[in-house]
Amino acid sequence: MILSSRISATLLASALLSGPLQPAQAVSTPSPTPSPSATVSAAEAQHALTLQKSALARENARLDSATTTAAALLQASQNAQRAAEVAARRAQVEAALLRAAQRRTELSWTQLQTYVGSLYRTGMVNPTMFMIASAMTAKDKNGFLSDLRLARYVGAAQSDALTAYGRAQAEQAVAAQRSQQAARAQRAATTRAAAAKEAADRVVADVGRRVALRRQAVALTSAALADAQHRETMLARAEAIARLRSQPPEAAVQTALVQRPGATCTGRDLFGYLNGRLPTDRLCPLWGTYLQMLRAEAAAAFNALSRDYAAEFGRPICVTDSYRTYREQLVVAAAKPDLAATPGYSNHGWGIATDLCDGIQSFGTPTHQWMQDNSMRFGWFHPDWAEPTGSKPEPWHWEFAG
């Protein structure tokens with residue numbers, strides 16, 4: 001587990017929650033907060049959680065306001081939709097009334113034609129009949145009465161057919177006007193309903209996004225705190241183990257490794273010294289080991305790697321071999337001629353190689369996989385020749401590249 005990435009995600013979530021929510025506006029994403037370069041302590045994670053809770057309290061107030069706005073907009077959307085439905089029904093009714101008026105007008109027109117025809121057949125030719133007959137030849141029969149003003153000439157003597165036609169045409173005109181008004185009202189109500197629904201959806205989506213971010217931030221911050229507490233517990237346990245491992249072995253017979261002087265970590269230049277003949281007072285000790293040492297830059301990187309390992313597993317990296325003197329290279333070459341490098345050419349002799357244990361010495365174990373996943377962040381790597389497909393598979397062998 002990499003704590004800094006979790007804290008970075010938490011801080012990003014906090015940044016996302018820091019801006020005020022405006023009704024009917026999308027949530028903007030601010031620039032991400034830079035992730036910490038070092039691991040974060042439990043105290044720092046606890047402080048971040050406290051700040052996060054304060055931010056969430058402010059966010060709750062904004063959410064309450066946004067929720068109220070969203071509810072009002074949803075109510076307006078509902079009302080507008082109902083008004084649109086009423087307008088649609090009214091438009092349907094008025095359209096039906098118009099169609100009925102048009103049918104009555106057509107029927108009255110047919111009856112009027114029949115009336116004029118009867119005047120011709122009975123020989124009842126008079127000025128009224130001529131006016132009606134000439135008007136019926138007009139292209140616009142709907143303008144029949146208004147254009148000729150027949151009511152002024154026919155008066156009380158006009159036929160029932162002419163009266164019926166005039167009434168039907170007047171009703172059709174009124175029905176057409178009411179139908180047009182209802183259609184316009186329906187279109188306007190539909191537009192208002194759509195706008196209200198869009199505004200409500202936008203605010204509801206923003207509220208939902210805020211709630212999701214709030215929950216994510218709480219989960220991330222809480223997880224980061226738990227992770228930091230776990231790491232500190234593991235590191236405290238590893239410190240106790242490191243103190244035990246740094247003590248001389250209890251065996252009565254000490255090896256040549258035990259008898260050689262320890263590193264003092266002055267970090268002085270090693271230029272000009274031969275492989276396996278590096279002054280041990282210029283090398284640096286490895287944390288949690290007894291007399292294991294490397295050149296200064298390799299040791300510093302390895303110790304940082306070991307502490308990250310300890311935060312995960314509760315113990316320092318187990319080391320069986322590190323810097324080898326030329327004499328020690330001769331001993332190893334004699335004991336393992338197929339594995340050891342030629343004395344005077346080993347990377348152990350340059351103080352940049354280690355042989356590890358605690359499961360790392362076997363491919364596929366959790367500790368070996370952890371090294372594969374994390375070692376390169378600290379400049380350490382597993383060389384290709386030591387891989388399972390390499391010329392000399394050695395899962396325990398790791399080297400420093402800087």
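What you see is a predicted model, and the numbers here were worked out from it, not measured in a lab.
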May I ask you to test the Pro343-Tyr326 pair for a side-chain heavy-atom distance under 4.5 Å?
yes
Not counting sequence neighbours, which residues clear salt bridge (charged side-chain N to carboxylate O under 4.0 Å, His left out) with Arg315? List them please.
Asp358
Taking side chain as C-beta onward, heavy atoms only, is Asp321 less than 4.5 Å from Thr354?
no
Does anything in residues 372-402 pair up under disulfide bond (SG atoms under 2.5 Å apart), and if so which pairs, sequence neighbours excluded?
none
Please confirm whether Phe381 and Trp398 have ring centers closer than 6.0 angstrom.
no
Can you name the residues that form a side-chain hydrogen bond (donor to acceptor under 3.5 Å, both in side chains) with Arg307, not counting sequence neighbours?
Glu239
Any residue meeting side-chain hydrogen bond (donor to acceptor under 3.5 Å, both in side chains) with Gln229, in chain and number order, not counting sequence neighbours:
none
How would you list, by chain and number, every residue that makes a side-chain contact (heavy atoms from CB on, under 4.5 Å) with Pro395, sequence neighbours excluded?
Phe363, His368
For Asn275 and Gln329, run side-chain hydrogen bond (donor to acceptor under 3.5 Å, both in side chains): C-alpha distance rounded to whole Å, both residues' side-chain angles, the deciding distance at 0.1 Å, then the answer.
CA-CA 10 Å; Asn275 185 292; Gln329 292 179 52; 2.9 Å; yes
Whether Arg268 and Asp281 form a salt bridge (side-chain N of Lys/Arg under 4.0 Å from carboxylate O of Asp/Glu) is what I want to check.
yes
Using the ring of each side chain (for Trp, its six-membered ring), is Trp385 parallel, tilted or perpendicular to His397, with breaks at 30° and 60°?
tilted
Within the side chain of Ser222, is there an N or O that forms a donor-acceptor pair under 3.5 Å with the backbone of Ala219?
no
Provide the closest heavy-atom pair for Leu305 versus Ile317 in the form atom of the first, atom of the second, distance.
CG-CD1, 3.9 Å
Partners of Ala301 by side-chain contact (heavy atoms from CB on, under 4.5 Å), sequence neighbours excluded?
Trp380, Phe400
Which pairs, with at least one residue in residues 379-402 and sequence neighbours excluded, count as a salt bridge (charged side-chain N to carboxylate O under 4.0 Å, His left out)?
none
With a 3.5 Å distance limit and no angle check, can you tell me whether Gln361 reaches the backbone of Gly359 through a side-chain donor-acceptor pair?
yes
Smallest separation among heavy atoms of Ala340 and Val332, with atom names:
CB-CG1, 3.7 Å
N/O donor-acceptor pair under 3.5 Å between Arg245 side chain and Pro316 backbone
yes
Mind checking the CD-OG1 spacing from Gln46 to Thr50? Nearest 0.5 Å is all I need.
5.0 Å
To the nearest 0.5 Å, tell me how far Ser362 OG sits from Leu356 CG.
11.5 Å
For Glu198, check side-chain hydrogen bond (donor to acceptor under 3.5 Å, both in side chains) against everything at least two apart and list the hits.
Arg202
What pairs meet the salt bridge (charged side-chain N to carboxylate O under 4.0 Å, His left out) rule with one or both residues in residues 287-298, with sequence neighbours excluded?
Arg295-Glu297
Any side-chain heavy atom of Trp370 sitting closer than 4.5 Å to one from Asp308?
yes
Looking at residues at least two apart in the chain, or sitting in another chain, which of them share a side-chain hydrogen bond (donor to acceptor under 3.5 Å, both in side chains) with Asp373?
Gln369
Sorted by chain and residue number, the side-chain contact (heavy atoms from CB on, under 4.5 Å) partners of Leu97 (sequence neighbours excluded) come out as Val93, Glu94
Selection residues 342-357 - residue pairs positive for salt bridge (charged side-chain N to carboxylate O under 4.0 Å, His left out), sequence neighbours left out:
Arg324-Asp355
